[in-house]
Every structure is written in C-alpha cells, then in structure tokens.
2 protein chains.
Amino acid sequence: MMWMFRQKVVKFMPSIQIASRFLHNMKDGQNGRIIWSPPLVSLDHPDIWPSELIPSNPPPNYYYSGEGNAAVIDGKLIAEKIRLGIADEVRRMKDCIKKVPGLAVIMVGDRKDSQTYVRNKIKACEETGIKSVLTELPNGCSEYDVLNALSTFNNDPSIHGILVQLPLPDHVDEERVLNKLNLDKDVDGFHPVNMGDLAMSGREPLFIPCTPKGCIELLIRLGVEIMGKKAVVIGRSNIVGLPTFLLLQRHHATVSVVHAFTKNPEVITRDADIVISAAGVPNLVRGSWLKPGAIVIDVGTFPVEDLESEHGYSLLGDVCYEEAVKVVSAITPVPGGVGPMTIAMLLSNTLDAAKRAYQFT
Amino acid sequence: MMWMFRQKVVKFMPSIQIASRFLHNMKDGQNGRIIWSPPLVSLDHPDIWPSELIPSNPPPNYYYSGEGNAAVIDGKLIAEKIRLGIADEVRRMKDCIKKVPGLAVIMVGDRKDSQTYVRNKIKACEETGIKSVLTELPNGCSEYDVLNALSTFNNDPSIHGILVQLPLPDHVDEERVLNKLNLDKDVDGFHPVNMGDLAMSGREPLFIPCTPKGCIELLIRLGVEIMGKKAVVIGRSNIVGLPTFLLLQRHHATVSVVHAFTKNPEVITRDADIVISAAGVPNLVRGSWLKPGAIVIDVGTFPVEDLESEHGYSLLGDVCYEEAVKVVSAITPVPGGVGPMTIAMLLSNTLDAAKRAYQFT
C-alpha cells in the first residue's frame, strides 16, 4: 500500500489539517520516540467553558414564542414516593431479621454546599429508618485521618454503605481514599471497578452512581422510551457526566457527550431527544440549544449567595429555565428536580447493599 | 412545584410519547416496585445491525463523483517503524540488564481468525526480540484448564504480558477468566479496573487496549488534531468501541457512539471529522455516510471465505472502501490499516510492562 498525498486531498480538509504536519513527522524520524501519542491527554485539563457561551444573566428576550407548556418534572414528589417504598422495605427487614441498613458519611471541611447535601442525606435516612453515622473531620485533617475513618466503617458490619462527601480538600488524595473503600459498601459507585463494570458489556456493577441512576429513574417514570433515542450528556465528570453516558448507552440510546472543548455545542444538543446537563455552568443551555419536544434533565447546582434563603445561598441549574420551558416537553426544575432523586437513589443503593449483606430478599 | 401536563405539551412530542404512560404509572402506584428502572438493560442485547442497512455486496453505482484521492493510511508501514523502535529498546534492555520482555498467549479452540491473529502476534514478538510463549488448549477444555494456564503465567516473573485470545468458547466464562488476570500483566487492557481507570478523569490505566491505542496513534502520526473535533465511534464492544470512545474523549474530542439501535446512523456519521468504525459489518459505512474531508479508521475485520488466499479466507472492513475514497481525505485499508497497529501496540504494552517490572527506564 502506498501513501498517496496530493494537493487535491488537502483541499477536502477544511478543519483537519493533516498534510503538512504528517509529512514533517515522516521526515524527522518521529523524533526518536516509539509511541507518539502522549500517554493520555489528561482529563484533568480543566473543563472551563468558554466565557462567550455563558450568559451573565438570564437573557432579556427569548427566542421562542411557544406557550411555555412544558411539563415540570417534580423530582421531589417522585423521590418522596420512592422513599416511602424504601421505608416500607426497611420496616419489613427490621420485622423479619431485626436489622436495618446503615449508612456512614465522611465529611471533611466546612463547605456550605457539602453540609447541605450531607444534612439532607442524613435527614432522608432518618425518615426511612436507615441508620446513619456521620464523621466530620476538620479541613486541616490528614489523609491518614480520612483513611482511618474509612477503615473503621469498612470493618463495621452494621454499616452497608459508605459515602465520602466530595470534593475532598486538595491535600487529601481523592483517588487513594476511594480506592480503599470496601467495594461492597461503595454506594456512590465511584470505585473504578464499579465504573469499569458499568462501562463494560456483559458485566454489572454492584452500585450505579446515584445522580445518573436518579436521572434514568426519572426518564423511566415519565414513560420516556430511551432505546434508540438521541441523547446528549453535557459535562463529563466522574460523578455525573461519565456514568450518565454509560447508563444511557446501556439503555441503548445513541449518546453524544458535550464538554468544554466542544465546538458549537448547541448544534449537537439541538438534535437530541433527551438532554442531561451536568456542566455546573448556570444558564449555559439556552432555549435555542434545545429541540422542540425534548426532555431536559438539569443536574446543575451552582451555588450563588442568596441572603433571603435559609442557608444563605441558592442553587442555579445549567439550563436557562425560562427559555427552555417554551421549547421542550418536560424539564426538571432546580432545585426540586434531580437533587431529591440523588438522595433517594443513595437510600436505594444502601438498602440494596444491606439486603446483599444479610442475603435478605 | 406542580405537575402541569396538558394536551398542548403532548403535541410537541412527536417521537417521545411520555404523557399516557406517565399518567398511567402515577395512578397504579408503580406496581409496588420501589425502583422502576430495570437494574440495567443488559448490553448483551445483541448488537445486530438492521439488515436494510447492510448492502449485500459493494454497490454497483457510487454516490460521489469525487476523484478518489483520499490518502491511504499505510498502517503496515507505520507499524513497522514502531516495531523497529521497540526492537531497539528490547536490545538496549538486554544489553543493560540481560532481560527481555516476555509475552504469554493463551488460545482456546481452533478458530481460524484467532489462529491468524495469534500467529501474527508471535511472529512480531520474534522480530522485535520479545520472548513469547503460546499455550494452546482444545475447544473442549474446561474453565479450570484456562485458569490454570493463566495462573502459571501470572506467577512467572519472566512473563510481563498475558493475552487471552478472545472470544473464548461459550462454556468458559470470559469475565471470570479476565478477572483473574494479574493487573500488571493485562497488556490487552481489558480488566475492569483498567477500563474504569481509562474512563475516569484524574486516573490513568496501566494499559490502554491495543486497537484503540493503535487508532489514536495513527491519528496522531497523521497530524490529526483530535481536541475539539467531532468524532463518531461505530460499535460499542468492550474491546474496541468502548475504549475508543473513552480514549477519544480523553483527547478532548466530542464523541458520539453509534450502535445497532441507532436510528439514521448516517446522519450522525456525516457530521464527523473523525470516524472510527468497529461494527464488524462489511460495507456498513457507505460513501453517503461520510463527510467530505473526514478521516476514516476502519477497524472492521469480517472474515469471508477466499480460496485464493493463503489461509482460505480474507478480511472485509466496515467501510465501503470504493465509495469512501471518493469522499474522505484519509482512510485505512483492510487489511493493512489498523491490524498491524494493534500488534505493534501489544508489543509496546508488553515492553512497558517489562520496563515497569524491572524499573528499567
């Protein structure tokens, strides 16, 4: 086979300029390297969304003159129904085997958003009869302290789920901590074995990460057919974007992942029947980004100061709600959409873990 | 927040019928189930491509009247250069520490294509000075026999890479076998920990699966800028499609995955700057599926009987080559494109494993 590279070819390549670099590379003997690809372009490349994409405020005029009749997906109500079901199961377990599921939470530092999340999780445990234990460590604690707390819970047979509230402070290595988490208690599903098992055909993870699981649960409860649908996931975090992609593909959607390096993301989202946004950028997704009739799940929870709110801040979603409701057929609000579902899924994973541990069916 | 669901909304949903099912579900109390999503819609759902998509023969007339000037990507030549570099490194290792990398191959049964792949891999080892050991087991062997062979190699310090040639016969559990593979010797990169580490931001796998790594290496040697480009992966196998998606995304492409349940796949592929096809369906990708100027990597190797060929069969790619060359700017041929790169990456992974084992830099 011969290399054929002529000027005529180059003109077909408006955006991918391969000719000159390629020829250069062939000449200089690959600079003595055996493999040219960098080991991996690190995903740590921070996903900073281009500022021109981000409207400073909800825009004053809307592109669509629709009637704003999108169904508002009441995640709070659906999550409540799920929690009631879980409470029933916990009661049945207690009656039958005198045991209840136990969830341990490790929180480091005093981030306000983390505190709210943890408070909500523990409250939800109480309401469903799940035992909860909270270990709070100061921001200045050592990695050893975190690993120590983790080890205690790993070995405690009354604890079936362990949750390390992320993010951890910079001086604590998140990867090392999560690697030490007992796989059978990884109710967050963030261990690489769980993620690998979620990704790979023919395997099943012990736990599915809570937020993605909550998003899919919402879609299924809405009666949305996922198989064969075009779905777009915005954001590619380990916690939401990545497992949401994997899960949607498991359900046989055709999935595209949009991230901060995506050019013209609106062209891709506008083609999607299902949009799940987890960029963490308020109002990133405009009405003009969405296909009429699409289903939108907004995972964004960007905290902004709000002195009128009980805890001093409120949460903003990724989606410009006022525009979106005029275009799509259903959308989750922020707050009250995905958030309560995440907690319900955490309880559900903890219940599953306890059932497995006690072989209770 | 209230549920608002009116007739006006429903008319916006041409393809996603959510109204009636949702309302039904809300009424019947979720049939007593706590979680409605099936644990996972299994990916084992076989990826059978709709027959109307598959042309029985390369079609008689072409859609494009281009001049057929696509660069033919000579994987054989590039792989040879890589193998020469590996041979140099192996020689240097031998000179310095009197050790060479060792690769063990376990092959079960007598599939002709597997035999060819294994033969080629062993030949490549010989040419680069890598020690190779082949264990051939009959089709009727037990899972225990396979695990036994694996265990021997796991414990042999002169073996740095172990390759279990897939597919295994049906009565041998692939998952159980691969789970037992020493992570440090998983040169194929198929262990779920490796896959999880490839998937997750902030982590790096010990090994990147050979075929996807070979595809990326080709793109980089061609001088193709991956970051920000639209890429489509066709197929979602554990071996090629999935890790190719993960790797392209690591390189900051915007990636869509097309599979057998994708509706109008050609609409998605036609938008891509980079198409990597691994469906295993001959001539699935027509010229009309491709964007002018795109780069096409054809991973398909469908064996068809060919009495004139040395081994009694020849390989067909996924891409209708005659059509594609008239549209795209560069394309890999089958054979002679990705195949030799896969082998080169296997050697490269084995060399890396040996270097790690001996702390040789």
Side-chain angles (χ1 to χ4, degrees), chain A residues 1 3-6 8-9 12-16 18 21-22 25 34-37 40-41 43-44 67 69 71-72 74 82 85-86 192-193 195-197 199-202 204 216-217 220-224 227-228 238 242 250-252 254-257 261-263 273 292-293 329 333 336 348, chain B residues 1 3-6 8-9 12-16 18 21-22 25 34-37 40-41 43-44 67 69 71-72 74 82 85-86 192-193 195-197 199-202 204 216-217 220-224 227-228 238 242 250-252 254-257 261-263 273 292-293 329 333 336 348:
Chain A
M1 210 60 69
W3 271 96
M4 300 179 290
F5 224 103
R6 301 183 203 136
K8 278 172 187 159
V9 179
F12 279 115
M13 300 179 296
S15 56
I16 303 187
I18 70 171
R21 267 233 260 167
F22 171 73
N25 285 340
I34 297 173
I35 301 296
W36 289 7
S37 36
L40 285 172
V41 177
L43 254 179
D44 287 338
E67 288 158 285
N69 279 340
V72 179
D74 191 340
I82 294 172
I86 291 171
V193 170
M195 208 62 87
D197 283 341
M200 293 174 78
S201 151
E204 297 223 353
I216 299 292
E217 183 72 16
I220 288 171
R221 284 183 182 245
L222 279 164
V224 175
M227 185 185 287
N238 289 343
L242 170 68
R250 281 248 178 190
H251 282 77
H252 307 292
T254 301
V255 197
S256 306
V257 181
F261 296 88
T262 299
K263 286 172 191 154
D273 306 303
S329 63
S348 151
Chain B
M1 211 58 71
W3 272 97
M4 298 178 291
F5 223 100
R6 300 182 203 137
K8 276 173 189 159
V9 178
F12 279 114
M13 302 180 296
S15 57
I16 302 187
I18 69 172
R21 266 231 261 168
F22 171 74
N25 285 340
I34 297 171
I35 301 298
W36 290 6
S37 38
L40 285 170
V41 177
L43 253 178
D44 288 338
E67 287 158 287
N69 280 342
V72 179
D74 191 341
I82 294 171
I86 291 171
V193 170
M195 207 63 84
D197 283 342
M200 292 174 79
S201 153
E204 296 225 352
I216 300 293
E217 182 73 16
I220 288 171
R221 287 187 180 241
L222 279 163
V224 175
M227 185 186 286
N238 289 342
L242 168 70
R250 281 247 177 190
H251 282 78
H252 307 292
T254 301
V255 196
S256 306
V257 181
F261 296 88
T262 300
K263 285 172 192 154
D273 306 304
S329 63
S348 151

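Excluded from the calculations below are hydrogen atoms, water molecules and symmetry mates; all remaining heavy atoms, backbone and side chain alike, are included. Below, read A as the first sequence line, B as the second, and so on, with proteins coming before strands; counting in each chain starts at 1. This structure is a prediction, so every number in the text was calculated from the model and none was measured.
In this structure, chain B has heavy atoms under 4.5 Å from both the backbone and the side chain of A:Ile86. Only the backbone of A:Val255 comes within less than 4.5 Å of a heavy atom in chain B; its side chain stays farther off.
Here A:Val257 is the residue among A:Val257, A:Val193, A:Asp197 with the most heavy-atom pairs under 4.5 Å with chain B.
Residues B:Met227 and A:Lys263 share a closest heavy-atom pair of O-NZ, 4.4 Å. The minimum heavy-atom distance between B:Ala199 and A:Leu242, with the atom names listed, is O-CD2, 3.4 Å.
A:Thr254 pairs by the side-chain contact (heavy atoms from CB on, under 4.5 Å) definition with B:His259, B:Thr262, B:Ile268, not counting sequence neighbours.
A donor-acceptor contact shorter than 3.5 Å links the side chain of B:Asn238 to the backbone of A:Ser201.
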